[in-house]
Amino acid sequence: MAILSTGLVTSVGLSAPASCAAMRAKVTNPSQTRFMDSEGEWIMAHQVMLEQPWRGLEKLVRMATMAAEEALIGVPKDEWSGIPMLLCVAERERPGRMDGLDGRIFEDICQALGSTFAAESAIVPHGRVAVAMALSKARELVWQQGFAHVLVVAVDSLLNGPTLDRFERQDRLLTGVNSDGFMPGEGAGALLVGRPVKSSPCLTCIGIGLAMEEATQGSDKPLRADGLKQAIELALAEAGREMHQMDFRVTDLSGEQYGFKDATLALSRTLRQRKDEFDTWHPAECTGEVGAAVGVAALALADEGSRKGYAQGATILAHMADDFGSRAALVLHFGAS
């Protein structure tokens, strides 16, 4: 499964090249929101600045449309209706989840793009692991059902009152009195995927692993990273690789100690040979916690780094985790088919 083109809309750039350049340079630009924390301080967040001050579902539609148009730029518009779109959005269990994410948003994006999409299109409501799940579905659509392309779109925002209130009460927001938290954000991304183009170097997904973790954040069970370990092992096995053959990692880590502990434990249980260097890229340090959009941000950054020559190697491990136990891992390789 090849990533043929990307689109990205984040707080640090309104296109994939701009966002990835900012992430490479570690640019970050949090700003005050219209929400206050329990101490009476304005909550800081990574907000996407568009030409109009859209909010809520309308802003999600605008961001998703921009990302999709960027990813589809090389495809004639009269062919879009034959492409399945897999739309990744917040998980249904998300506190304060916006209305309209299970139907209306898809119709609004199609209207904004001025096109319909194939009947096999679907909504993937699984938050940070949604993109990995969508790629698994896209692989089936391409290799078993014969579609030339599949469009994976992800859009999300944590910038609404009920969501921020719940996360702050759970001591999960980064505030003046809590350093073990994340800074909320918003964004959108898109991947146009399909079969690799012969003799044309591209980033391909050669392994996918999905699993469940019982020791979720806030649970009373000891964390051993069983879920992430299993997801990584499944992805590596499918790719025919070992952990020490990965050149670097790109993840959804956004600042909470739980996530870093989960990733560290999984690494210690899957790495069989010592590596002198094993860098980790985490775009959330620049974009904030962007929920479902982080999967595209991670893959777009890996793609751009590989194409521009600043990636530390050709074989990459990407992994993601949501708050409800889902774990996902992808093995990626850059090169000609």
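Remember, predicted model here, so these are calculated numbers, not experimental data.
Side chain to side chain, N160 and T163 meet the donor-acceptor criterion of an N or O pair below 3.5 Å. Counting only N and O atoms by type, the side chains of T287 and T10 include no donor and acceptor under 3.5 Å apart. Between Q312 and D247, the side chains place no donor N or O within less than 3.5 Å of an acceptor N or O (distance only, hydrogens not considered). Of the N and O atoms on the side chains of T251 and H282, not one donor lies less than 3.5 Å from an acceptor on the other residue.
Partners of Q170 by side chain to side chain donor-acceptor pair (under 3.5 Å), not counting sequence neighbours: none found.
Under a 4.5 Å side-chain heavy-atom cut-off, the cluster of Ile, Leu, Val, Met, Phe, Trp and Tyr residues that includes M36 is completed by W42. Hydrophobic cluster membership of M49, counting Ile, Leu, Val, Met, Phe, Trp and Tyr whose side-chain heavy atoms lie under 4.5 Å apart directly or via other members: none, as it forms a cluster of its own. The hydrophobic cluster around L223 extends to Y258, L265, counting ILVMFWY residues whose side-chain heavy atoms fall within less than 4.5 Å of a member.
Between L164 and F35 the shortest heavy-atom distance is CD1-CD1, 3.4 Å. When all heavy atoms of R128 and G291 are compared, the pair lying nearest together is CG-O, 3.4 Å. Listed here is the closest heavy atom pair of E70 and P17: OE2-CD, 3.3 Å. Across A211 and A231, no two heavy atoms sit closer than the pair CB-N, 3.8 Å. Smallest separation of non-hydrogen atoms from V48 and S11: CG2-N, 3.7 Å. Closest heavy-atom contact between R269 and A225: NH1-C, 4.1 Å.
Using a 4.5 Å heavy-atom threshold, the side chains of L87 and I109 count as touching. For the pair V89 and L60, the minimum side-chain heavy-atom distance is 4.5 Å or more. Counting heavy atoms from C-beta on, the side chains of F278 and H244 never come closer than 4.5 Å. Within the 4.5 Å cutoff, the side chain of V150 has heavy atoms near those of the L86 side chain. The shortest distance between side-chain heavy atoms of L192 and H149 falls below 4.5 Å. At least one side-chain heavy atom of L173 sits under 4.5 Å from a side-chain heavy atom of I43.
The neighbour count for E214 CD, taken as heavy atoms of other residues, nucleotides or ligands under 6.0 Å away, does not exceed 12. Counting heavy atoms of neighbouring residues, nucleotides and ligands inside a 6.0 Å radius, atom NZ of K275 exceeds 12 of them. For E277, the CD atom sits in a loose shell: 12 or fewer heavy atoms of surrounding residues, nucleotides or ligands are nearer than 6.0 Å. For E285, the CD atom counts as densely surrounded, since its 6.0 Å shell holds more than 12 non-hydrogen atoms of other residues, nucleotides or ligands. Residue-environment remark: CD (Q32) exceeds the threshold of 12 foreign heavy atoms within 6.0 Å. Residue E93 qualifies as enclosed at atom CD: its count of foreign heavy atoms under 6.0 Å is above 12.
The cationic group of R249 does not satisfy the cation-pi geometry with W281, failing either the under 6.0 Å distance to the six-membered ring centre or the 45° limit from the ring axis. A cation-pi arrangement is absent between R307 and F334, since the terminal nitrogen or guanidinium carbon is not both under 6.0 Å from the aromatic centre and inside a 45° cone about the axis.
Between the side chain of E91 and the main chain of P125, no donor-acceptor pair closer than 3.5 Å is present. Under a 3.5 Å cut-off, the side chain of Q245 and the backbone N or O of E242 do form a donor-acceptor pair. A donor-acceptor pair is defined here as one N or O able to donate and one able to accept, closer than 3.5 Å; no such pair exists between the side chain of D156 and the backbone of G127. Judged by distance alone, the side chain of D108 and the main-chain N or O of Q111 form no donor-acceptor pair under 3.5 Å. With hydrogens and angles ignored, the 3.5 Å screen pairs no side-chain donor or acceptor of T204 with any backbone N or O of A2. In this structure, the side chain of E213 engages the main chain of A215 through a donor-acceptor pair within 3.5 Å. A distance-only check finds no donor-acceptor pair linking the side chain of Q47 to the backbone of E186 [under 3.5 Å]. When atom types are taken as modelled, the side chain of R97 and the backbone of P95 share no donor-acceptor pair closer than 3.5 angstrom. In this structure a side-chain-to-backbone donor-acceptor pair under 3.5 Å is missing from S326 to D322.
The side chain to side chain donor-acceptor pair (under 3.5 Å) pairs that include a residue from residues 115-127 number zero, where partners must be two or more places apart or lie in different chains. Applying the side chain to side chain donor-acceptor pair (under 3.5 Å) test to residues at least two apart or on different chains, none of the pairs has a partner in residues 71-87.
Cluster annotation: L50 and L159 are assigned to distinct hydrophobic clusters (Ile/Leu/Val/Met/Phe/Trp/Tyr, side-chain heavy-atom contacts under 4.5 Å, transitive).
Checked for salt-bridge contact, D37 and R169 miss the test: no charged N lies under 4.0 Å from a carboxylate O. Under the 4.0 Å criterion applied to side-chain N and carboxylate O atoms, D262 and R327 are assigned as salt-bridge partners. Salt bridge present: E256 and R172 bring a charged side-chain N and a carboxylate O closer than 4.0 Å. One finds no salt bridge joining D323 and R94 here, because no Lys/Arg side-chain nitrogen approaches an Asp/Glu carboxylate oxygen to under 4.0 Å.
Atom CG of L8 is separated from atom CG of L301 by 9.0 Å, given to the nearest 0.5 angstrom. For the atom pair I83 CD1 and L72 CG, the distance stands at 5.5 Å (nearest 0.5 Å).
For the side chain to side chain contact (heavy atoms under 4.5 Å, CB included) criterion with M320, the lone passing option out of V129, L228, L253 is V129.
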Dump the intermediate steps for side-chain hydrogen bond (donor to acceptor under 3.5 Å, both in side chains) on E168 and S38, then the final yes or no.
CA-CA 8 Å; E168 194 205 357; S38 58; 2.8 Å; yes

